[in-house]
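Hydrogens, waters and symmetry mates play no part in the numbers below; they use all other heavy atoms, side chains included. In listed order, ligands and their atoms are each counted from 1.
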Amino acid sequence: MTAIPQERRVVTAIPGPKSAELQARRLAAVAAGVGSTLPVFTARAGGGIIEDVDGNRLIDFGSGIAVTSVGASAEAVVRRASAQLADFTHTCFMVTPYEGYVEVCEQLAELTPGDHAKKSALFNSGAEAVENAVKIARAYTKRTAVVVFDHGYHGRTNLTMALTAKNMPYKQGFGPFAPEVYRVPVAYGYRWPTGAENAGAEASAQAIDEITKQIGAENVAAIIIEPVLGEGGFIEPAKGFLPAIAQFAKDNGIVFVADEIQSGFCRTGQWFACEDEGIVPDLITTAKGIAGGLPLSAVTGRAEIMDAAHAGGLGGTYGGNPVACAGALGSIETMRELDLNGKAKRIEEVMKGRLAEMQSKLPNGDLIGDIRGRGAMIAIELVKSGTKDPNPEAAARLAKACHAEGVLVLTCGTYGNVLRFLPPLVIGEDLLNEGLDVLEQAFAGV
Ligand SMILES: Cc1ncc(COP(=O)(O)O)c(C=O)c1O
């Protein structure tokens with residue numbers, strides 16, 4: 001599948017000298033607001049490995065933030081995108097259309113939950129998909145208010161900054177934000193005051209009460225939620241929460257939008273995470289894993305809702321670019337052929353088993369307050385020993401120690417205290433275990 005040997009190799013300090021040189025050029029030329037988790041410069045990547053310009057091979061537990069689920073150089077993605085590149089790079093679908101765009105929309109109709117008539121519109125980024133879901137919901141309902149949740153993340157554009165919960169680094173200094181956005185509680189089981197077992201019922205009741213009393217259900221165009229909250233800390237809303245909110249939306253003519261940009265396309269062991277509780281969203285936003293690394297996003301949903309926007313109201317020069325569409329068709333083909341849902345479930349089994357062992361056996365295993373997530377979207381929430389107080393320092397030190405040993409891990413969470421693991425779904429089990437060995441050793445230094 002890929003020419004890159006699937007083995008970890010650390011031959012220089014990380015970052016190495018060539019990366020350091022490039023980083024110096026980057027600091028002089030690239031705006032400071034664009035950060036990087038680890039400034040090792042990539043030479044090539046594929047399977048479960050990122051090879052840097054110094055010849056180091058890192059085990060990839062990040063997938064470019066949940067994007068390269070099929071690997072960063074999947075054969076079918078490369079083959080289809082290369083062929084498309086040679087045929088034509090762009091016409092603009094709004095000027096003269098092409099088949100790939102239509103085929104991606106057909107695939108989305110087939111793969112997303114529900115057997116109702118569906119349509120899609122394609123865009124470039126996740127934030128753009130979310131913005132368009134709001135436009136479509138407003139056009140359909142003729143209402144303006146949008147409800148989002150504590151710990152939610154939906155992007156960095158003006159409207160999506162308003163939808164995103166966390167101030168620093170996403171919003172600080174960038175306001176004013178878009179109006180008519182309201183935030184309500186989510187069922188964060190680990191931190192719910194009366195316990196995880198009550199979180200689903202109590203949080204949904206609170207959220208519904210706030211929507212009804214503070215906004216008025218009749219003013220709400222859309223409720224937008226990530227079925228597993230990504231940047232907020234891989235929070236799986238406690239059981240019962242999503243069905244209650246989806247039912248409330250249905251009863252009140254509100255468009256229920258599942259933001260599956262991070263959790264979709266086999267990441268959680270199902271095509272879409274909302275399937276876990278049998279939720280059928282009115283609209284679903286997708287991006288990231290959809291196209292094997294090429295920039296593509298989509299809004300998919302009930303045909304009558306999707307058709308509410310007038311012709312010319314949706315779109316954009318590059319939306320549904322033909323090369324990105326070809327990449328998506330290659331990515332979906334790979335997911336089906338390699339049964340990447342099955343692979344994600346196996347990754348969960350291995351990871352959760354190993355992490356639970358670390359929690360119970362390591363002398364400082366109680367730094368791991370919670371192990372959660374589904375499929376290949378797994379996280380540990382780090383706390384101060386014997387408490388639930390967030391421990392972002394431990395998360396940062398563990399990440400740093402893993403990086404130094406050639407394992408790329410990412411942090412997230414409202415409190416910055418969550419280590420998240422998002423390996424490519426095609427990663428070999430030996431690499432997966434080796435990455436976890438490195439994490440286990442990293443605990444010794446915290
Ligand atoms: C759930 C969710 N929504 C929206 C976005 C924004 O996507 P993009 O960065 O492609 O704009 C992200 C990105 O992390 C995300 O995780």
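For A287, no heavy-atom contact with ligand 1 is shorter than 4.0 Å. At a 4.0 Å heavy-atom cut-off, ligand 1 does not touch E260 at all. Counting heavy atoms under 4.0 Å from ligand 1, residue E231 touches it through the side chain alone.
Looking at R143 and E180, no side-chain N of the basic residue comes within less than 4.0 Å of a carboxylate O on the acidic one, giving no salt bridge. A salt bridge does not link K166 with E231: none of the charged nitrogens is closer than 4.0 Å to a carboxylate oxygen. We find that E349 and R346 are joined by a salt bridge, their nearest charged nitrogen and carboxylate oxygen being less than 4.0 Å apart.
T37 places no side-chain N or O within 3.5 Å of a backbone atom of L410 that could act as its donor or acceptor partner.
When only non-hydrogen protein atoms are considered, atom 8 (P) of ligand 1 lies nearest to G126 N, 3.4 Å. Among protein heavy atoms, the minimum distance from atom 11 (O) of ligand 1 is reached at A127 N, 2.8 Å.
Numbered from 1 in the order shown, with element, the atoms of ligand 1 that lie under 4.0 Å from a heavy atom of D259 read 1 (C), 2 (C), 3 (N), 4 (C). Contact atoms of ligand 1 toward E226: 1 (C) (distance under 4.0 Å to a heavy atom of the residue). Within ligand 1, counting atoms from 1 as listed, the ones closer than 4.0 Å to a heavy atom of S125 are 10 (O), 11 (O). Each of the following atoms of ligand 1 lies closer than 4.0 Å to a heavy atom of K288: 12 (C), 13 (C), 14 (O), 16 (O).
The six-membered or imidazole ring of F272 lies near that of F265, with a centre-to-centre distance under 6.0 Å.
Looking at ligand 1, you'll find an N or O of Q262 within less than 3.5 Å of one of its N or O atoms.
Shortest non-hydrogen contact noted between K171 and T164 is NZ-O, 2.7 Å.
Less than 4.0 angstrom separates atom 3 (N) of ligand 1 from at least one non-hydrogen atom of the protein.
With contacts defined as side-chain heavy-atom distances shorter than 4.5 Å, the pair C325/L122 qualifies.
For NZ of K400, the number of neighbouring non-hydrogen atoms (other residues, nucleotides, ligands) closer than 6.0 Å is 12 at most.
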